[in-house]
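Because only heavy atoms are used, hydrogens play no part in the values below, and waters and symmetry mates are left out as well, while side chains stay in.
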Amino acid sequence: MSKARASFHPPSFCWVMTDVSTALKWGPGFVGMSIGLAMYGVSVCQYLFYVMAFPRDRRLIKCVVLLVFVLDTINTVTSLSFCCRTLVLCRWTTTYACTLQLSWDLSTNLGSRFVVSFLVQCFYAHRVWMICGRSKLLTGIVLLVALAALVFGTLMLQDMYNTRDIGNLFTSPYSPANAMASTICDGLITTSIYLSLRRSRSGLQLRKENCVTKLNIIFIQMGMITFLSALTMTILSYQNKPAGEYFTAAPGFMLSKAYSGSMLAILNARNLVDNRQQISLVPPSEFPALATIR
């Protein structure tokens, strides 16, 4: 029995946890969850405003918005469950179930985040199709990269389920691949829409140009939030120092809320262009097709 104990080597994640302080291990995740709760509150207000302001939207759009909101709610609940279980219930416990075993709340949290990211990126791909002159090539690239991010996330979850080890969240090669694919997709969406709306300003009258400028600002702000969150995860995922891996929890807990909130903000921004008689002083065909999407 003594030889068996002497030859035992703990998982790679186990020694990482012993070498890092408690504040560094759980602090970034707690901060990310706290900011994510505030962002979820904003998303709730955005969703209620959408339901009241756009009751005539197509059923498909309303179903997608509802699905994203429900998945984001699940993501928020599982974030709270994971932090409560880890920081409160398992505070003085060092059992395998509390330290290394993959829990249902963490796996559900990751799965809901990957699906929300994919759905919102598909939503933006449709915007790229409408605003960027129905470009099949650009839309296809955006959809392909979004699908790649979903596949990498699914493969990472599969690895974690096979080993039942939370350490695979940091050691799996699919984790940084998922973050990088999301970063590329968000960058393509933000850049393409910005350039398209910027070109559409030429030749427009002042009143309409101001509206296009406001739309462009909204798209850039919403796109940059998701882009910077995914980019931060990508950079932190490639850190060689063990402590750096824990910082990925901060943007990880916020990503679902960033995607959900950005989609709702873009939909609610249609109030800027819904009243055609106030802003359409030129033929409607010259205006970016945003307010007509139902």
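The minimum heavy-atom distance between Tyr161 and Ser107, with the atom names listed, is OH-OG, 3.2 Å. When all heavy atoms are compared, the tightest approach of Thr232 to Pro251 is CG2-CG, 4.1 Å. Minimum interatomic distance between Ala181 and Val145 (heavy atoms only, all atoms of both residues): O-CG1, 3.1 Å. Gly32 and Met254 get closest at one heavy-atom pair: O-CG, 3.3 Å. Across Ser81 and Asp105, no two heavy atoms sit closer than the pair OG-OD2, 3.1 Å. Residue Lys62 comes nearest to Asp57 through the heavy atom pair CE-O, 3.3 Å, listed as atom of the first residue, atom of the second, then distance.
Put simply, the residue from Asp159, Leu155, Thr163 that forms a side chain to side chain contact (heavy atoms under 4.5 Å, CB included) with Ser172 is Asp159.
For the atom pair Tyr124 OH and Leu119 CG, the distance stands at 13.0 Å (nearest 0.5 Å). Residue Asn109 holds its CG atom at 9.0 Å from SG of Cys83, rounded to the nearest 0.5 Å. For the atom pair CD1 (Ile189) and CD1 (Ile131), the distance works out to 11.0 Å, reported to the nearest 0.5 Å. Atom OG1 of residue Thr154 and atom CG of residue Leu110 lie 11.0 Å apart, to the nearest 0.5 angstrom. Distance check, rounded to the nearest 0.5 Å: CD1 of Ile266 to CD1 of Ile193 gives 7.0 Å. A distance of 10.5 Å separates CE in Met33 from CD1 in Ile35, rounded to the nearest 0.5 Å.
Checked by atom type and distance alone, the side chain of Thr191 never pairs as donor or acceptor with a backbone atom of Leu188 at under 3.5 Å. When atom types are taken as modelled, the side chain of Ser262 and the backbone of Tyr259 share a donor-acceptor pair closer than 3.5 angstrom. A donor-acceptor pair is defined here as one N or O able to donate and one able to accept, closer than 3.5 Å; such a pair exists between the side chain of Asn162 and the backbone of Gln158.
Here the side chains of Asn268 and Phe54 are in contact, with some heavy-atom distance below 4.5 Å. The shortest distance between side-chain heavy atoms of Val31 and Phe253 does not fall below 4.5 Å. Counting heavy atoms from C-beta on, the side chains of Phe69 and Tyr50 never come closer than 4.5 Å. Under the 4.5 Å side-chain criterion, counting only non-hydrogen atoms from C-beta, Asn75 is not in contact with Val116. Considering only heavy atoms from C-beta on, Cys185 comes within 4.5 Å of Val142 through its side chain. Residues Trp104 and Thr78 are in side-chain contact: their nearest non-hydrogen atoms beyond the backbone lie under 4.5 Å apart. Inter-residue side-chain proximity for Ser182 and Gln121 is flagged as met; some heavy-atom pair is nearer than 4.5 Å. Met156 is not listed as a side-chain neighbour of Asn178, based on a closest heavy-atom distance of 4.5 Å or more.
Taken together through direct or relayed side-chain contacts under 4.5 Å among Ile, Leu, Val, Met, Phe, Trp and Tyr, Leu255 and Val77 form parts of separate hydrophobic clusters. If you chain together hydrophobic residues whose side chains sit under 4.5 Å apart, Leu80 and Met39 never meet in one group. Linking Ile, Leu, Val, Met, Phe, Trp and Tyr whenever their side-chain heavy atoms come within less than 4.5 Å puts Val70 and Val120 in one cluster. Transitive grouping of hydrophobic side chains (ILVMFWY, heavy atoms separated by less than 4.5 Å) keeps Leu143 and Leu60 in distinct clusters. Note: the hydrophobic cluster containing Leu144 does not contain Ile141 (ILVMFWY, side chain heavy atoms under 4.5 Å, direct or indirect links).
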Side chain to side chain contact (heavy atoms under 4.5 Å, CB included) between Tyr47 and Leu66, intermediate numbers included: CA-CA 8 Å; Tyr47 179 73; Leu66 177 61; 3.2 Å; yes

Residue pair Ser112, Asp72: steps toward the side chain to side chain contact (heavy atoms under 4.5 Å, CB included) verdict: CA-CA 7 Å; Ser112 60; Asp72 188 38; over 6 Å; no

Leu267 and Phe123: CA distance, side-chain angles, deciding distance, side chain to side chain contact (heavy atoms under 4.5 Å, CB included) verdict: CA-CA 10 Å; Leu267 286 171; Phe123 165 84; 3.8 Å; yes

Candidate pair Ser43 and Lys257, rule side chain to side chain donor-acceptor pair (under 3.5 Å), full reasoning: CA-CA 7 Å; Ser43 295; Lys257 286 82 179 151; over 6 Å; no

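Counting non-hydrogen atoms of neighbouring residues, nucleotides and ligands closer than 6.0 angstrom, the OH atom of Tyr174 reaches no more than 12 such neighbours. Atom CZ of Phe49 sits in a crowded spot, with more than 12 heavy atoms from other residues, nucleotides or ligands closer than 6.0 Å.
A donor-acceptor contact under 3.5 angstrom links the side chains of Thr183 and Thr234, judged on distance only. Donor-acceptor pairing under 3.5 Å is lacking for the side chains of Ser256 and Tyr40.
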